[in-house]
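Basis for what follows: all heavy atoms, side chains included, without hydrogens, waters or symmetry-related copies. No experiment lies behind these values; they were computed from the predicted model shown. Counting convention: from 1, in listed order, for ligands and their atoms alike.
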Amino acid sequence: MQSKDYIELDEKYGAHNYHPLPVVISWAEGVKVKDPEGKTYFDFLSAYSAVNQGHRHPKIIKALIDQANSCTLTSRAFHNDRMGLFLKKLCEYTGYEHALPMNTGAEAVETGIKAARRWGVEVKGVQNGKQEIICVNENFHGRTLMAITMSNDPDSLINYGPYVPGFIRVPYEDVAAMEKAITANTVAIILEPIQGEAGVCVPYEGYLKAVRDLCTKNNILFIADEVQTGFCRTGKRFAWQHENARPDIMCLGKALGGGVMPVSAIVADHGVMKVFTPGTHGSTFGGNPLASSVAMAALDVLVDEKLDEHAEAMGKIFREEIAKIKCSNMVKVRGKGLLNAILFKDGFQAWDVCLALRDAGLLAKQTHGNIIRFAPPLVITETELREAIAIIARVLGKF
Ligand SMILES: *Cc1c(COP(=O)(O)O)cnc(C)c1O
């Protein structure tokens, strides 16, 4: 079978809830992927930052195979000999007292919101059913009904009502509007420290700190959705560390699974996590031994290979070099670490650039019409990065 045959199958049998770039990937290693015809590409999406450690990192694959040969799933009805070790490692890595494991990013967000609502009643003293949570415009928190309720993207929202009550949305980067939206029933503010899906929107310096202070002053929980920005992507372990704006709850996913399987979690200190008691939350697959072993290896790789510092250094080179490219439709390049985007003029069809990049051997995907995100696996070497930049420069020169 050839690429076009696989694409036909997807179209014929799948729901049409995605519009993928016409390329089929059948092999991957490190920062490279291949199609069935044998053409090689740089992967500059990294599965939306789920492959920070690179495709099929040998240490992560070893952990997967070793664990698959002993025990894969127990459910939380019994203890297993992996989960506790994983949670300890995750707590030490993040600097929080407790962790609660789930599977997907959307579930981590759901868990964070549930924790905040319960905390609101049991600790803050808000009446159950009255809890309010503030979110911001252009957010992306996943695809559950609660997550899309927070969204203001019409595609995500339309015809899925009735939506989940209790959310108030304010403009991004507007602390005054946030402060105005606070009531006695506000239990949390949730945001992405850098908005990934919105097009890698980096807030002005001081924004995260201001939100942190606002939460502290008003006895509100600060929830950071670090599902995409977390695990070294932006040049720090977590993006909130750029401003030392430590959240009360962090939602984690994507790269926690090392590009191998879905692993997510929230982390928080005891004052928040204590609201969960037996039977009040759970997941059949959350904390399973296979996921726990994979996630431990994924965390080890981030530390051993110093991927935070490396992402920081590579990101600097990327933005410097891209800014030099002569392309009349390019407005600017922005980002932190290896989470970057090129912004084109309004109305420009970035899709065409993505097709041309594909033909030249580099895979990236536009977000909205006129923004392309560039987020390679963090293990990319400087030589590989410069090779990729040369491809981007060559292609952009034609636009
Ligand atoms: C990807 C993402 C999610 C959702 O994660 P899934 O694993 O797709 O459910 C939530 N929040 C942010 C910021 C994300 O980038």
Side-chain angles (χ1 to χ4, degrees), residues 15 17-18 20 44-52 100-116 133 135-153 155-157 160 164 167 169 172 188-203 208 211 222-234 236-240 242 247 249-267 283 285-286 288 291 294-295 298 335-341 364-368 371 373-375 378:
N17 58 328
Y18 277 92
F44 263 61
L45 182 63
S46 306
Y48 301 98
S49 295
V51 193
N52 286 2
L100 195 170
M102 301 293 284
N103 311 284
T104 65
E107 284 177 303
V109 170
E110 197 87 1
T111 302
I113 299 278
K114 283 176 79 174
I133 290 176
C135 55
V136 297
N137 282 344
E138 265 72 64
N139 70 69
F140 181 84
H141 295 298
R143 299 295 194 162
T144 61
L145 201 47
M146 188 148 79
I148 65 154
T149 290
M150 292 190 266
S151 172
N152 63 312
D153 167 25
D155 284 344
S156 303
L157 269 173
Y160 286 121
V164 181
F167 291 96
R169 203 161 16 78
Y172 187 56
I189 293 174
I190 180 166
L191 54 79
E192 303 150 83
I194 293 173
Q195 292 189 322
E197 296 310 297
V200 190
C201 301
V202 182
L208 300 177
V211 173
F222 175 30
I223 307 176
D225 180 350
E226 292 256 12
V227 170
Q228 187 163 153
T229 49
F231 301 114
C232 306
R233 174 51 63 184
T234 72
K236 301 252 185 224
R237 287 186 177 191
F238 299 99
W240 64 261
H242 289 288
I249 299 173
M250 233 197 324
C251 305
L252 304 170
K254 294 203 167 110
L256 183 56
V260 168
M261 58 189 298
V263 188
S264 75
I266 67 161
V267 292
S283 160
F285 285 90
N288 71 74
V294 163
K336 269 201 156 82
L338 279 174
L339 184 59
N340 295 292
K365 185 80 197 294
Q366 95 285 359
T367 168
H368 302 285
I371 303 171
R373 172 176 25 202
F374 291 92
L378 307 183

State, yes or no, whether a side-chain contact exists between Val267 and Phe238 at a heavy-atom distance under 4.5 Å. no
Is it the case that more than 12 heavy atoms not belonging to Tyr172 sit under 6.0 Å from its OH atom? yes
Heavy-atom contacts under 4.0 Å to ligand 1, chain-then-number order, include exactly Thr104, Gly105, Ala106, Phe140, His141, Gly142, Glu192, Asp225, Val227, Gln228, Lys254
Return yes if a side-chain donor-acceptor contact under 3.5 Å exists between Glu107 and Ser264, otherwise no. no
Are His141 and Ile113 side-chain neighbours, meaning at least one heavy-atom pair lies under 4.5 Å? no
Quick one: CD1 on Ile223 to CD1 on Ile133, what's the gap to the nearest 0.5 Å? 5.5 Å
Name each donor-acceptor pair under 3.5 Å that joins a side chain in residues 193-200 to protein atoms two or more places apart or in another chain, with its distance.
residue, atom, partner, partner atom, Å
Gln195, NE2, Asn137, O, 3.0
Glu197, OE1, Arg373, NH2, 3.3
Glu197, OE2, Gln228, NE2, 2.9
Glu197, OE2, Arg373, NH1, 2.8
Glu197, OE2, Arg373, NH2, 3.3

